[in-house]
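Treat the numbers as computed from the prediction; the structure is a model and nothing was measured. All ligand and atom numbering here is 1-based and tracks the order in the structure.
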Amino acid sequence: MSFYSLGGTSSANFYVRQRGGGKPVLFIHGYPFDSSMWEPLFPFFPDSYRLIAPDLRGLGKSPLPQNTGLTNASISTMEMFADDMAALLDAMDVKEPVTFCGLSMGGYIAMHFAAKYPDRLSALILCGTKTAADLPNAAENRRKQAAGLRAGTMTLGNVADAMLPKLLSPATQSGNLPVVNAVRSMIESNNPQGAAAATLGMAQRTDTTEVLRQLNVPVAAIGGRDDLFVPPGEMQTLADTAKCGTFTEIADAGHLPPVEQPQQFAKAVTVLLGKVTG
Ligand code: MLT
């Protein structure tokens with residue numbers, strides 16, 4: 001684990017969890033989470049893969065950049081996150097195309113990365129995500145949440161309270177208290193300003209369905225059977241939209257299969273990695 005600075009005119013600085021060497025696999029977390037959600041997967045991969053899991057700007061241990069005009073009123077767009085990841089891969093000297101694994105908001109970022117940096121992508125893993133933009137009502141709810149987080153009238157504890165009952169499968173909620181507690185603490189320890197910037201970015205993201213349709217790399221859509229945010233049927237549709245897509249459903253998992261069923265999730269990722277040539 002270490003911090004990478006992008007240098008140059010940017011003060012961007014990213015906290016990154018890493019393991020192994022060899023073919024790069026980039027894991028991008030959802031909202032309002034951080035890279036610790038990928039840690040349970042790492043033991044299931046051989047050292048011949050370079051597993052890279054950064055905290056996105058303003059989330060986890062990565063700060064909001066200081067000298068890029070970002071203030072409390074700023075927005076972390078999906079394009080910015082995707083640009084950050086391309087610059088981070090440069091800073092880490094990762095030149096070969098990566099397998100990009102994005103969960104939920106991480107999937108929105110993956111699609112923007114695919115649109116802008118197609119040559120840097122060897123395969124795509126989408127978990128609990130969608131290519132559609134927000135409906136007006138959903139975007140408005142995000143703006144309210146961002147305003148509350150900024151004003152301090154809403155805390156990430158409130159966000160955790162609202163999300164947790166829907167976030168994890170019944171099996172996790174009743175039988176895996178350590179995971180329930182870890183997820184709560186991951187949400188609550190985030191920076192409210194960074195979370196507000198990210199949720200505003202999600203509110204203004206564009207539809208990327210056409211990008212997925214045109215992609216020429218293997219795509220794995222993975223969904224928790226009990227995901228109430230993105231039901232398995234929607235993930236099946238994503239797989240069907242891609243030219244070379246497959247769908248895997250993970251039993252006894254909700255919106256966070258990597259922490260709820262890490263071995264099953266790692267297995268689905270490994271199947272896709274086996275299809276990556278070169
Ligand atoms: C996530 O897990 O990243 C969120 O559910 C994404 C969203 O709010 O659309």
Side-chain angles (χ1 to χ4, degrees), residues 26-38 53-60 62 75-82 84-85 100-113 125-149 154 156 158-169 172 179-180 182-192 194-209 221-224 226-232 234-235 238 250 253-261 265:
L26 181 64
F27 292 95
I28 302 301
H29 61 82
Y31 171 88
F33 313 128
D34 66 35
S35 60
S36 66
M37 60 167 285
W38 303 111
D55 285 345
L56 294 164
R57 63 163 68 197
L59 294 167
S62 294
I75 300 178
S76 298
T77 66
M78 301 304 106
E79 290 85 352
M80 278 181 195
F81 282 136
D84 284 348
M85 293 307 105
F100 197 126
C101 175
L103 182 138
S104 204
M105 182 179 76
Y108 310 155
I109 298 166
M111 292 311 304
H112 283 84
F113 185 92
I125 299 161
L126 298 172
C127 180
T129 193
K130 52 183 85 166
T131 52
D134 273 356
L135 294 172
N137 176 27
E140 185 49 31
N141 285 340
R142 293 199 203 273
R143 283 190 279 271
K144 283 187 190 144
Q145 185 177 108
L149 287 170
M154 181 185 284
L156 281 158
N158 300 141
V159 174
D161 289 343
M163 280 184 101
L164 269 170
K166 293 195 296 178
L167 201 54
L168 303 168
S169 69
T172 306
V179 163
V180 177
V183 170
R184 173 177 282 283
S185 128
M186 175 172 63
I187 296 173
E188 288 182 345
S189 54
N190 255 318
N191 168 2
T199 199
L200 288 174
M202 286 193 286
Q204 61 169 239
R205 75 187 190 280
T206 51
D207 188 301
T208 52
T209 308
I222 306 176
D226 304 318
D227 190 342
L228 298 177
F229 288 85
V230 185
E234 288 189 35
M235 294 308 296
L238 283 195
I250 312 266
H255 193 53
L256 296 180
V259 294
E260 300 182 76
Q261 299 296 339
F265 190 87

Give the atoms of ligand 1, by number and element, whose distance to some non-hydrogen atom of [X] is under 4.0 Å.
X	result
Tyr31	1 (C), 2 (O), 3 (O), 4 (C)
Gly30	3 (O)
Phe33	2 (O)
Tyr108	6 (C), 7 (C), 9 (O)
Arg142	7 (C), 8 (O), 9 (O)

Atom 6 (C) of ligand 1 has as its nearest protein heavy atom Ser104 OG, 3.1 Å

Which pair of non-hydrogen atoms, one from [X] and one from [Y], has the smallest distance, and what is that distance?
X	Y	result
Ala195	Leu149	CB-CD1, 4.1 Å
Met235	Ala221	O-CB, 3.4 Å
Pro32	Met163	CD-SD, 3.5 Å

With only distance considered, is Met105 within less than 3.5 Å of ligand 1 through an N or O on each side? yes

query = Taking side chain as C-beta onward, heavy atoms only, is Leu56 less than 4.5 Å from Met85?
reply = yes

Between Glu260 and Gly254, is there a donor-acceptor pair closer than 3.5 Å when you use the side chain of the first and the backbone of the second? yes

Main chain of Gly60, side chain of Asn190: is a donor-acceptor contact present, judged purely on distance under 3.5 Å? yes

